[in-house]
Structure formats: structure tokens, C-alpha cells
> 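To start, I am sharing the structure in question, which I have written as C-alpha cells.
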Amino acid sequence: MADARRNFPDLPDPDGRFGIYGGRYVAETLMPLVLDLERAYYEAKADPAFKAELNGYLTHYVGRPSPLYYAERLTNHFGGAKIYFKRDELNHTGAHKINNCIGQILLARRMGKTRIIAETGAGQHGVASATVAARFGLPCVVFMGAVDIERQKPNVFRMRLLGAEVRPVTSGAATLKDAMNEALRDWVTNVADTYYIIGTAAGPHPYPELVRDFQSVIGIEAKEQILAAEGRLPDAVVACVGGGSNAIGLFHPFLDDASVALYGVEAAGHGVETGQHAAALTGGKPGILHGNRTYLLQNEDGQITEAHSISAGLDYPGVGPEHSYLKDAGRAKYLSATDAEALDAFQLCAKLEGILPALEPAHALARVGDIAKDLGPNGLIVMNMCGRGDKDVFTVADALGTKL
Amino acid sequence: MSRLESTFARLKQEGRAGLVAYVMAHDPDAEHCSEILRALPNAGADIIELGFPFTDPMADGPSIQRAGRRALEAGGSLSNTLALVARFREANATTPLILMGYLNPVEQMGYATFAAAARQAGVDGAIIVDAPPEEDREVRTALASEGLPLIRLATPTSDAARLQKITDGAAGFLYYVSLTGVTGARSVAADEVKAAMTRLRRATDLPIAVGFGVREPTAAAAIARVADAVVVGSAIVDEVAAAIDAGKPHEAPARVAAKVRELSEAVRSARIGVEA
């Protein structure tokens with residue numbers, strides 16, 4: 001792993017690539033905009049005033065640092081490694097999404113942009129975008145698939161309360177992928193005043209890099225906290241992977257620590273073998289969509305196929321390009337959990353820890369038991385509890401056959 | 001001389017702009033699309049731009065999105081787009097035909113395989129919407145090794161430095177996206193295009209085609225006064241949609257041909273009585 005230790009932190013390269021992944025596969029109209037964004041981001045990144053401003057909002061508005069919590073009863077239940085939760089579900093708006101949105105809206109302001117657009121699937125990123133847009137007094141349009149609007153009504157109402165316009169997208173399958181297409185179409189139309197807050201560590205360069213950087217606060221804090229609590233690094237860190245922003249945020253500060261195993265858990269839906277899943281790394285192959293080369297669910301002709309997951313936040317046929325790179329490099333391992341396994345983990349966590357996890361991290365939790373057993377009682381695991389489950393109670397009730 | 005070069009040379013000689021007619025491969029199905037392609041040259045299309053379908057056409061407006069959807073539902077793909085071209089070439093050896101689409105189907109076919117198959121089928125070039133100069137090396141060199149140009153795009157957001165980057169390595173012709181937006185979004189103002197043409201002419205000697213905001217014959221004529229070619233897409237594929245909505249898909253070829261004839265007449269007469 002000597003080479004790995006030296007090379008991992010330097011990506012993406014100047015062309016926005018993580019090995020063969022990433023890049024800037026956008027319409028020519030958008031090229032000057034993504035190049036502008038890259039310049040503005042690198043300037044901001046090097047500016048102590050930007051960092052200070054960001055940290056101020058992270059502390060006082062988001063509520064960071066989020067706690068690192070020893071999940072004692074789950075640890076006893078599995079009878080293996082000690083399990084810690086990084087409690088990003090305690091952030092303002094209830095998930096890790098706000099870490100990225102705060103960073104990007106500060107960048108938008110720095111660039112003089114006056115209008116915010118975002119895409120959303122489950123609505124968590126839409127809510128976080130609407131939240132920061134409200135906080136800074138900027139108009140915000142959230143593109144959301146018409147199908148998702150129907151199944152995520154509370155979040156739609158939340159966004160409207162926050163003053164955002166939720167624009168239904170009816171093209172394609174009317175879910176997250178189509179919402180992202182429509183956001184890109186809006187951006188290509190409103191090039192002068194609009195800032196596009198992409199919600200995950202994907203899209204054209206520099207998005208995968210800047211979203212990762214804004215989310216890396218998760219891993220940086222977790223590392224300090226576990227060292228303080230246990231006096232050593234964890235043996236494994238675990239996170240769910242849809243687009244993969246919470247996972248890359250947790251993984252990235254540990255890339256150089258060869259003793260720390262990185263586990264991403266994708267959504268296997270009804271099972272990877274059924275074809276009805278959202279596990280791009282496990283069941284897809286490399287291709288080009290939404291501005292980057294990455295693993296995708298697609299057919300032989302390169303047509304993108306529909307993802308399926310009980311968790312709307314993981315229901316996406318692609319994944320951030322850095323995960324594709326980490327998979328091929330063998331630095332991270334990508335597992336999967338089915339809808340049913342996530343539902344079981346959701347209920348287990350509620351009963352043993354008094355925490356309703358979002359369905360997304362419930363996928364991660366579904367694999368944590370196996371990893372804990374493999375590591376044994378001397379092992380140490382940090383799992384990112386990246387969102388809270390309040391938004392999912394209707395979905396879970398429905399899946400369990402309970403009428404609310 | 002390639003078909004593209006001789007076509008632009010002839011247009012120059014005739015003192016007029018060309019009409020580039022965009023249709024979607026396999027829309028509404030293989031048979032009718034084949035018929036449409038056959039009809040285009042007679043209806044007045046100087047160059048054919050044939051879209052190959054993709055599930056996620058992020059630069060296209062509703063008309064071409066729907067056309068792509070229809071094509072995919074009818075079994076359209078990149079490989080049978082090439083089959084349609086080969087069929088078209090059995091009866092037509094002169095009208096240039098360029099492909100337009102997104103990179104992923106090409107990447108999945110393989111760049112070298114695609115380029116060889118395209119040349120063999122009788123394709124004269126390709127436009128790949130999501131492969132800007134920074135990302136087009138693989139597809140551009142593969143096409144070049146088969147003697148085919150990758151046609152690059154310039155836009156209203158291209159400043160002088162960007163135009164330099166775009167024209168360095170450009171081939172075939174330059175496609176000017178006349179507005180910031182998706183295909184078929186709105187009508188473009190002719191004077192804006194005229195101003196852009198002055199900038200573009202300084203940057204390249206290649207012929208310049210203008211598209212994205214041209215729907216009506218009058219708009220086509222206005223562009224034809226300043227550009228070397230005018231591209232119309234959404235207004236043409238809307239004729240296919242109209243035929244289907246009327247429950248008469250077999251009328252699609254005739255409807256498309258009528259629309260193209262109308263546009264062609266406007267383009268052909270645009271410069272008559274106007275100083276060059």
C-alpha cells in the first residue's frame with residue numbers, strides 16, 4: 001500500500017480525473033461555467049477567510065461537530081467489534097447533505113451568483129438546498145421527479161415552506177436521474193446568474209472534488225473523535241453509497257491510513273441478481289453520464305437503466321467517480337444490502353439504540369453486523385449515521401403492511 | 001473531396017446557405033425512419049443530421065427528448081442507427097450525413113469499432129454533445145483515423161480564448177449553438193447571430209452551421225443570410241410527433257418532407273435580392 005499512501009490524496013488530477021473516472025463531459029455551453037467554478041473553488045479553498053466563514057456556519061448553523069456515539073447495545077447484539085456511529089443525522093435538516101450545501105452556497109455568493117438550482121431524489125438535498133437558499137436570501141428552484149414528489153410529500157412541503165419552488169420533472173422515469181438532467185438543462189439556459197448545487201460527489205469536475213471536500217468534515221471529525229475515545233484508528237469505516245457523498249466524506253481522511261478498511265454499502269433493492277437494484281459499483285460497468293465517467297447501470301447499447309431501491313436517496317443508476325476509482329484500486333470494498341435487509345436493520349436500530357436511522361444508513365448498518373463479527377471483539381468500527389429516519393416512517397410503515 | 005467538403009463548395013458556388021435537417025434514428029420506427037431519410041434530399045435537405053437515441057439527453061429540449069424516447073421504445077440503438085445509414089447509402093451517394101448524439105453509446109461500442117462501422121455505413125462525421133474539446137480526444141482520433149471529422153460546437157458562452165481551444169482541432173464544419181439553452185428552446189435573434197458570426201469567422205475558416213434556436217422558415221431565412229448552413233431539428237421531429245398523435249404514423253415521412261421543403265425554400269431564397 002506504499003504507493004497508495006502517496007497517491008490517493010492528490011486526486012483528482014488537473015483534468016478532473018480519478019484514474020480513468022471523472023472528467024467534464026458536459027455540453028460546450030457549460031464548459032466555461034465549470035472552468036469558472038473550478039477557478040473560484042480553488043481560490044476559495046486557499047482563502048483562510050472562506051474557511052473561517054464556512055467553519056462558523058458549520059458550528060453555529062449546522063451544529064457541528066456531530067457526536068461520535070458508542071452503540072453499545074448493537075455492539076453486544078452482534079457480539080463482535082465495537083461499533084461507533086458518527087451522528088450526522090443530528091445535523092440541522094437531519095442529514096449530511098447540509099455540510100455540502102453550506103459550502104456551495106458560500107461559494108455561489110463569492111461568485112456573485114443570484115439564483116440557486118438543485119436536483120433532489122428523496123428530497124433531503126432539496127431541503128438542505130432550500131434551507132441555505134432561505135438563509136442567504138436567494139431564490140431556489142429544486143428539480144424533482146414527479147414520481148418522487150408523490151412518494152416524498154413531507155419533504156416537498158418542507159421545501160415550499162422554506163420558500164423554494166419545487167419543479168416537477170416528468171421526463172424519463174421521473175426520478176432523480178431525470179431531475180438531474182432537467183437541472184442541467186436549466187443551467188445551460190440560465191448561464192449568467194445561476195449556481196447549480198449538485199447534491200452528491202458526482203457530476204462534472206470540480207463537483208466530485210468540492211463536494212468531497214465539504215463532506216470530508218465527517219471523516220476529519222470522526223478520526224479525531226475515535227482517537228480521543230479509543231486511542232487508536234478504527235479497523236473499518238462503513239457508509240452507504242448512492243451517489244456516495246457521505247461515504248467519500250468519511251473515507252477520504254482515512255485514505256492514507258492503510259490499516260483502516262473502507263466499506264461502502266450499495267442498495268441491492270430486490271437483490272442484485274434480479275436486476276432491480278441501485279448497486280452501480282456491484283452490478284454496473286463504467287460509462288458516461290451527468291458529466292463524468294463512472295460505474296453505471298446500463299445496457300449493452302449504453303442506455304442507462306432504471307435503478308430501484310426502497311431508499312429514494314440511493315435510487316440512482318450511477319455513483320461518484322472517486323468511488324469507481326477506489327473500487328478499481330482495491331482501496332475500498334463495496335458491498336450491498338437489499339431492501340429487506342435495510343428494513344430489518346432500521347427496526348433493530350430503533351429498538352436497541354433508540355435511533356430511527358434513515359433508510360440510506362440502514363443499508364450500511366445491515367452490513368455492519370457481518371463486519372463486526374469478522375473483526376471480532378477487539379475490532380473497532382465507525383459507521384456514518386448520515387441521516388435520520390423521520391422522513392421514512394411512511395415508507396417503512398407501508399413496507400411492513402401498517403396503515404398510518 | 002469528402003461529401004461534406006463538396007457540398008459546402010457547391011453551396012458557396014450557388015451563393016446560398018445549406019439546410020441541415022435533423023431527424024432521430026428509429027423515430028417512429030426503423031421502416032418509417034428509412035423512408036424519411038430517403039425523402040430528405042428531395043425535399044431540399046443539403047445535409048442530414050441523424051440523431052442516435054440516448055436515455056438521458058441533457059442538452060435537448062422536449063421535442064428531441066420525445067423523439068429519442070420514441071426511438072428507444074421502437075428498439076433504436078447506435079448499432080441499428082448505423083444500419084439505417086447503410087440502407088440510406090444504397091440509394092444515395094451524395095448527401096452528407098452526420099451523426100449527433102451523446103458519448104456513452106459510443107463508449108460502450110468502443111471508439112475504434114464505432115469509427116470503423118460509421119465509415120463503412122457511409123457516415124460523414126459526428127457531433128457528440130457531451131464531449132467538449134477537453135474530453136473528445138478518444139472519439140476524435142478514432143474518427144480521424146477513418147477519415148471522418150468530429151464536428152465541434154461553439155456557443156454564446158465561448159469567448160476568444162475558448163474559441164481558440166474549440167477551433168484548434170476542429171474539422172468538417174463548426175456548429176454554432178445560437179442560444180444558451182436546450183434544442184428548440186426559443187427563437188434566436190438574427191442580429192445576435194450576425195454579431196457572433198463575425199467573431200467566429202475570425203477564429204476559423206471552416207464553414208459554420210447555426211442551430212438550436214431555429215424553428216420557423218422566416219427564422220431559417222434570417223440565419224441563412226449570415227451562416228453557411230442552418231440546422232433545424234425540433235420543428236422537424238415535431239412533424240413525426242404530430243403524425244403519431246393523429247394516429248397516422250405512416251404519414252410521418254410526408255409530413256417531415258413537407259416541413260423540410262418549406263424550410264428549404266426559405267433558406268434557398270434568403271439571399272436573393274440581398275447584398276452578400
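Chain letters run A, B, ... following the sequence lines, proteins first, then strands; residues in each count from 1.
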> In Å, rounded to the nearest 0.5 Å, how long is the span from NE2 of A/His205 to CD of B/Glu134?
10.5 Å

> To the closest 0.5 Å, what do you measure between CE (B/Met58) and CG (A/Leu30)?
7.0 Å

> Relative to chain B, which segment of A/Glu300 carries a heavy atom at a distance below 4.5 Å: side chain, backbone, both, or neither?
backbone

> Without swapping roles, check the side chain of B/Asn104 against the backbone of A/Ile288 for a donor-acceptor pair under 3.5 Å.
yes

> If you count heavy-atom pairs within less than 4.5 Å of chain A, which of B/Asp130, B/Leu153, B/Asp56 leads?
B/Asp56

> Kindly indicate, with the supporting measurements, whether the criterion side-chain contact (heavy atoms from CB on, under 4.5 Å) is fulfilled by B/Gln108 and A/Lys285.
CA-CA 10 Å; B/Gln108 299 314 313; A/Lys285 58 183 177 166; 3.8 Å; yes

> Quick one, B/Arg162 with A/Glu28, criterion salt bridge (Lys or Arg N to Asp or Glu O under 4.0 Å). Give me CA distance, side-chain angles, the key distance, then yes/no.
CA-CA 10 Å; B/Arg162 189 72 201 159; A/Glu28 177 57 36; 2.7 Å; yes

> Quick one: what part of B/Asp159 sits under 4.5 Å from any heavy atom of chain A, side chain, backbone, both or neither?
neither

> Go through the atoms of B/Leu103 and report whether side chain, backbone, both or neither lie under 4.5 Å from a heavy atom of chain A.
side chain

> Against chain B, work out which of A/Asp15, A/Leu184, A/Thr29 has the most heavy-atom pairs shorter than 4.5 Å and name it.
A/Thr29

> If I take atom CG from residue A/Asp301 and atom OG1 from residue B/Thr55, how far apart are they, to the nearest 0.5 angstrom?
9.0 Å

> Side chain, backbone, both or neither: which part of B/Pro57 has a heavy atom under 4.5 Å from chain A?
both

> Heavy-atom distances under 4.5 Å only: say whether B/Glu107 touches chain A with side chain, backbone, both or neither.
side chain

> Would you find more than 12 non-hydrogen atoms of other residues, nucleotides or ligands less than 6.0 Å from B/Asp245 atom CG?
yes

> Can you find a heavy atom in the side chain of B/Ile128 that is under 4.5 Å from one in the side chain of A/Tyr25?
no

> In terms of heavy-atom proximity below 4.5 Å to chain B, should A/Pro204 be classed as side chain, backbone, both, or neither?
neither

> Would B/Phe54 and A/Leu289 count as a side-chain contact (heavy atoms from CB on, under 4.5 Å) if you check the C-alpha gap in whole Å, the side-chain angles of each, and the deciding distance to 0.1 Å?
CA-CA 10 Å; B/Phe54 182 50; A/Leu289 178 70; 4.2 Å; yes

> Please report the interatomic distance CG(B/Leu179) to OG1(A/Thr189), rounded to the nearest 0.5 Å.
8.5 Å

> Supply the atom-to-atom distance A/Met31 CE to B/Ser158 OG, rounded to the nearest 0.5 angstrom.
10.5 Å

> Please say whether more than 12 non-hydrogen atoms of neighbouring residues, nucleotides or ligands are located less than 6.0 Å from CZ in B/Arg137.
no

